[in-house]
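Reading through the structure tokens given below for one structure.
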Protein chains: 2
Amino acid sequence: MTTTYHNPVEATLSVIGGKWKVVILCLLKETDTMRFSDLQRAIPDITKKMLSQQLRELEADHIIHRTVYDEMPPRVEYSLTSEGETMRPMLNAMCAWGSRKMGQQAECE
Amino acid sequence: MTTTYHNPVEATLSVIGGKWKVVILCLLKETDTMRFSDLQRAIPDITKKMLSQQLRELEADHIIHRTVYDEMPPRVEYSLTSEGETMRPMLNAMCAWGSRKMGQQAECE
DNA sequence: CTGAATCCTTAGGGATACTG
DNA sequence: CAGTATCCCTAAGGATTCAG
């Protein structure tokens, strides 16, 4: 499927446009590697379904890497790929803007 | 309404999370001031309804400024506010990442 | 623990027509 | 030109259950 974009930023949005993707990526950029349950705990409002769905899409776009450990109980870890690492400046900028805004409003916790 | 965020970036998403907002903002950051019809032409896939809706939300968040000229035919111009200007680094980073990706895939036009 | 599968609801968003 | 107003419908996403 070849999608035609009229603006470069649309390519960005096609990858990080999902409702929770940026939140997930911002967590991964700080913690390096997180388990499924770690992400769930860090994003209380997300459902399992949404989380796994967003993760699979990010994986399909080669932004995150999924490592399965064949243990009992199961363990799966997620981390940024090298492609995902290239997002760091962008993710930092997005976090920075939010922090600035929060600083103004003092409404973050 | 006080919304509680668990991550600073959620504050960012609450402002630019709309489907077309980042596209609109990226256009405004480059062209400085655009009319409604300019935006429509630059974003062929957006409907009037969506465009005006997204614009109104951005205006409510004090990100863009709306100037109405009492002429016939009507003219309305949109531009970034000073608050919107603080988004420039972030918007540039988002465009840059998309451009990089497009460069790899050579699928932009 | 890490999901997949199913069902179900709602609201995001498209098409169209109308207005100052 | 720059929007509203309606109608309408799909698909995003929530709740719940099942499974390896």
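Chain A is the first sequence line, chain B the second, and so forth, proteins listed ahead of strands; every chain is numbered from 1.
- Residue-level contact check: Tyr78(A) touches the backbone only, with heavy atoms under 4.0 Å from sugar-phosphate atoms and none from bases.
- Met50(B) has its CE atom 12 Å from the C1' atom of dA15(C), to the nearest Å.
- Among all heavy-atom pairs drawn from Glu83(A) and His62(A), the shortest one is CB-O, 3.3 Å.
- Checking side-chain atoms of Ser79(A) against main-chain N and O of Thr33(A) turns up no donor-acceptor pair under 3.5 Å.
- Overall, the helix from dC1(C)-dG20(D) to dG20(C)-dC1(D) carries an axis bend of 50° between its ends, with five pairs at each end and the value rounded to 10°.
- For Ser37(B), counting side-chain heavy atoms from C-beta on, the closest listed nucleotide (dA2(D), dT2(C), dT4(D)) is dA2(D).
- Checked against dG14(D), dT4(D), dC1(C), the side chain of Lys19(A) finds its nearest nucleotide in dG14(D).
- Nearest nucleotide to the side chain of Ser52(B), out of dA2(D), dT4(D), dG20(D): dT4(D).
- In this structure, CZ on Phe36(B) lies 4.0 Å from CG on Leu51(B), to the nearest 0.5 angstrom.
- As a whole-Å value, the separation of Leu55(A) CG from dC1(C) P is 16 Å.
- Going from atom CD of Gln54(A) over to atom P of dG3(C) covers 14 Å, rounded to whole Å.
- One can place CZ of Phe36(B) at 6 Å from C1' of dA2(D), the figure rounded to the nearest angstrom.
- What separates CD1 of Ile64(A) from C1' of dT2(C) is a distance of 14 Å, to the nearest Å.
- For Arg66(B), a side-chain nitrogen or oxygen approaches OP1 or OP2 of dG3(D) to under 4.0 Å.
- If you check dG3(C), dG13(D), dA15(C) against the side chain of Thr47(B), the one that comes closest is dA15(C).
- Side-chain contact annotation: Tyr5(A) with Ser14(A), donor-acceptor N/O pair under 3.5 Å present.
- No donor-acceptor pair closer than 3.5 Å links the side chain of Asp61(B) to the backbone N or O of Ile63(B).
- Set against dG20(C), dG3(C), dG3(D), the side chain of Val76(A) has dG3(C) as its closest nucleotide.
- Proximity note for Lys48(A) (side chain, C-beta onward) versus dC1(C), dG3(C), dG3(D): the nearest is dG3(C).
- If you measure from atom CD of Gln53(A) to atom P of dA15(D), you get 15 Å, rounded to the nearest angstrom.
- At the heavy-atom level, Lys49(B) lies under 4.0 Å from base atoms of the strands shown.
- In this structure, CG of Asp38(A) is placed 11 Å from C1' of dC1(C), rounded to the nearest angstrom.
- Between the Thr31(B) side chain and the Leu28(B) main chain, no donor and acceptor come within less than 3.5 Å of each other.
- Taking atom CZ of Arg35(B) as the reference point, atom C1' of dA2(D) lies 9 Å away to the nearest angstrom.
- Checking Thr81(B), Leu25(B), Leu80(B) one by one against Leu58(B), the side-chain contact (heavy atoms from CB on, under 4.5 Å) holds for a single residue, Leu25(B).
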